[in-house]
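For reference, the structure discussed in these notes is given below.
Hydrogens, waters and symmetry mates are skipped; everything else that's a heavy atom, side chains included, is used. In this text the structure is predicted, and so the values were computed from the model without any measurement. Within every chain, numbering begins at 1; the chains are lettered A, B, ... in the order of the sequence lines, protein sequences first and strands thereafter.
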Amino acid sequence: MAPQKLTDYERKRLENIRRNDEMMAALKLHSKATQLSNFKRPRVGTKSYNMKSEKKPKTETPIVIRRSLRTRGIPPDSKGLDGDSVGPTTPRKTEPSVVSLGRISMADARESDHSDSFFVESLMGMAQLKAQYASVEKGKVEASLGLEALYLDPENIARVVPGRITSARFFPSSSVKMIAVGNTFGNVGFWNVGQSEVHLYRPHRAPISGILIQPHCLSKIYTSCYDGILRLMDAEKEIFDLVFESDESIFALSQPTNETNCLYLAEGSGGLTIWDNRIGKRMSHWVLHESRINTIDFNCKNPHIAATSSTDGTACTWDLRYTDGDKLTALRTFTHKRSVQSAYFSPSGCSLATTSLDNTIAIYSGVNMEDAAVINHNNQTGRWLSTFSRAKWGWDDSYLFVGNLKRGVDVVSAVQRKMVMTLESQHMSAIPCRFDTHSYEVGMLAGATSGGQVYIWTSR
DNA sequence: TGTATGGTTACTCAG
DNA sequence: CTGAGTCCACCATACA
């Protein structure tokens, strides 16, 4: 339906110029406000999204988790389970036409009240830069880090989304320090670290389980959701496109480095699905675990080797090249006493770290990962926190970062096989549950909380 | 194999 | 600063 005449381009340009002017005005006001509020005690970050006045997060529809609707005879396009009324007779809950199952324009999904035209353009600019200097940025940095140099600058704190953060990812760019986070409401927020503005969208209606920024094209960002929907944000087209819709929840989203055509999703109870973008179809689907897969990670040295962690109490490694018919056999299985929240390969690919609700972090190394080091760590999060039991590797094989209930970041040394310190700051007023490390900026560590804040630690 | 139930417990906001 | 309200995550257990 979009009118496509030559004048359309010009009209759009003018519109952009106008919106930029508005934004500059807004920015000036905003920075004034920030300066003023900085005189108060910095209880929480002064940086924050500003909601469009007509959209408030409080009156959200309840969070919906897909649970094998097919087996319950509920139509796949139903909005799912609605509170206690569980069963085939559940009437379709019709929301106003706002809920579009297909593509959503970024304008419709936008919830921050300021213009995002500059942000959208900068995304495309980054994408172009990226293509230009692709060769320069080929290799990720691998460098050791002095822990004592890590500190939290109060400028590097922002409330990026409302509610509880479930997913956080830095842009894989050496020129930009931008982070994207997702929350339980289905919001995705973007923050250029240190700046005062945050851009907030709502492309989903349930918890975001994964964010995947295409390394070769930063303006294309995949998001997966508990409601079973996989979207692609395309800044160029200014849409959140619908890529794939499952009957079951998607719990994780991943991609090996250098792979561009396929997406790897944790689907339903124990399912691993490979989605092929070229043909728009499931390429493979296996049930690898007895319960949900919490993380999918790839070995950077051998990208066909994957590690999964699952609520069934195990983590497994797989060689995705070798399928025995429709079956896939684990290379190795690592068992915990309770649910395993994460299994991540170290930056070198030589070690695997698992984190479990049995209050341990295990580090496996050696030729066949047969050498296990088990470190005790309190991984219990209650009802109100995202499970922070996801120890994340730093920039080399020496340290892991994991949340601490006392508002800190515990640092585990893989060499010493123990916790060596806790990063603490008076500015950190909430518990960091989810972490991400900046690929190109050694020491830049993001901790995301259940209150929507993001804390960026940097190296002094 | 599936479902219903109980337990955990941090953050925000109003006053 | 204090305390009420949030609420529907997630897992483990019990039971059909």
Review point. Side-chain donor-acceptor pair under 3.5 Å between A/H336 and A/D358, yes or no?
Key: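 Checked: A/H336/A/D358 side chains pair up, N/O donor to acceptor below 3.5 Å.
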Whole angstrom is fine here: how far is it from [atom1] in [X] over to [atom2] in [N]?
| X | N | atom1 | atom2 | value |
| --- | --- | --- | --- | --- |
| A/F185 | B/dT12 | CZ | P | 12 Å |
| A/F251 | C/dC10 | CZ | P | 7 Å |
| A/Q341 | C/dC10 | CD | C1' | 8 Å |
| A/E290 | C/dC11 | CD | C1' | 15 Å |
| A/N379 | B/dT8 | CG | P | 18 Å |
| A/N183 | B/dT12 | CG | P | 13 Å |

Point to revise | Sequence-distant partners of A/R169, salt bridge (Lys or Arg N to Asp or Glu O under 4.0 Å), two or more places apart | key: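 By the salt bridge (Lys or Arg N to Asp or Glu O under 4.0 Å) rule, A/R169 matches A/D436.
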Point to revise | A/D319: side-chain hydrogen bond (donor to acceptor under 3.5 Å, both in side chains) partners, not counting sequence neighbours | key: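 Partners of A/D319 by the side-chain hydrogen bond (donor to acceptor under 3.5 Å, both in side chains) criterion, ordered by chain and then number, come out as A/R321.
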Point to revise | Set of residues satisfying side-chain hydrogen bond (donor to acceptor under 3.5 Å, both in side chains) with respect to A/T308, sequence neighbours excluded | key: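 Per chain and number, A/T308 pairs via side-chain hydrogen bond (donor to acceptor under 3.5 Å, both in side chains) with A/H289, A/W318.
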Check your understanding: Sequence neighbours excluded, which residues qualify as ring-ring contact (aromatic ring centres under 6.0 Å, His included) partners of A/Y399?
Key ->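 Partners of A/Y399 under the ring-ring contact (aromatic ring centres under 6.0 Å, His included) test: none.
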Exercise for review: Could I get the full list of ring-ring contact (aromatic ring centres under 6.0 Å, His included) partners for A/F244, not counting sequence neighbours?
Suggested key: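 Counting only residues at least two positions away or on another chain, A/F244 forms a ring-ring contact (aromatic ring centres under 6.0 Å, His included) with A/W275.
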Tabulate atom names and distances for all N/O pairs under 3.5 angstrom spanning the protein and nucleotides 9-11 of chain B.
| unit_1 | atom_1 | unit_2 | atom_2 | d |
| --- | --- | --- | --- | --- |
| B/dT9 | O2 | A/W384 | NE1 | 2.8 |
| B/dA10 | N1 | A/W384 | NE1 | 3.4 |
| B/dC11 | OP1 | A/I431 | N | 2.5 |
| B/dC11 | OP2 | A/R407 | NH2 | 3.0 |

Check your understanding: What residues form a side chain to side chain contact (heavy atoms under 4.5 Å, CB included) with A/V287, not counting sequence neighbours?
Key ->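 Only A/H285 meet the side chain to side chain contact (heavy atoms under 4.5 Å, CB included) criterion with A/V287.
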Review point. What pairs with A/N376 under side chain to side chain contact (heavy atoms under 4.5 Å, CB included), at least two apart in sequence or on another chain?
Key: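 A/N376 satisfies side chain to side chain contact (heavy atoms under 4.5 Å, CB included) with A/T360 once adjacent residues are dropped.
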Exercise for review: May I ask you to evaluate whether A/Y226 reaches the phosphate of C/dC10, defined as a side-chain N or O under 4.0 Å from OP1 or OP2?
Suggested key: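 Affirmative; the distance criterion is met.
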I'd like a list of close polar pairs between nucleotides 12-16 of chain C and the protein, N/O only, cut-off under 3.5 Å.
| unit_1 | atom_1 | unit_2 | atom_2 | d |
| --- | --- | --- | --- | --- |
| C/dA12 | OP1 | A/R338 | NE | 2.7 |
| C/dA12 | OP1 | A/S339 | N | 3.4 |

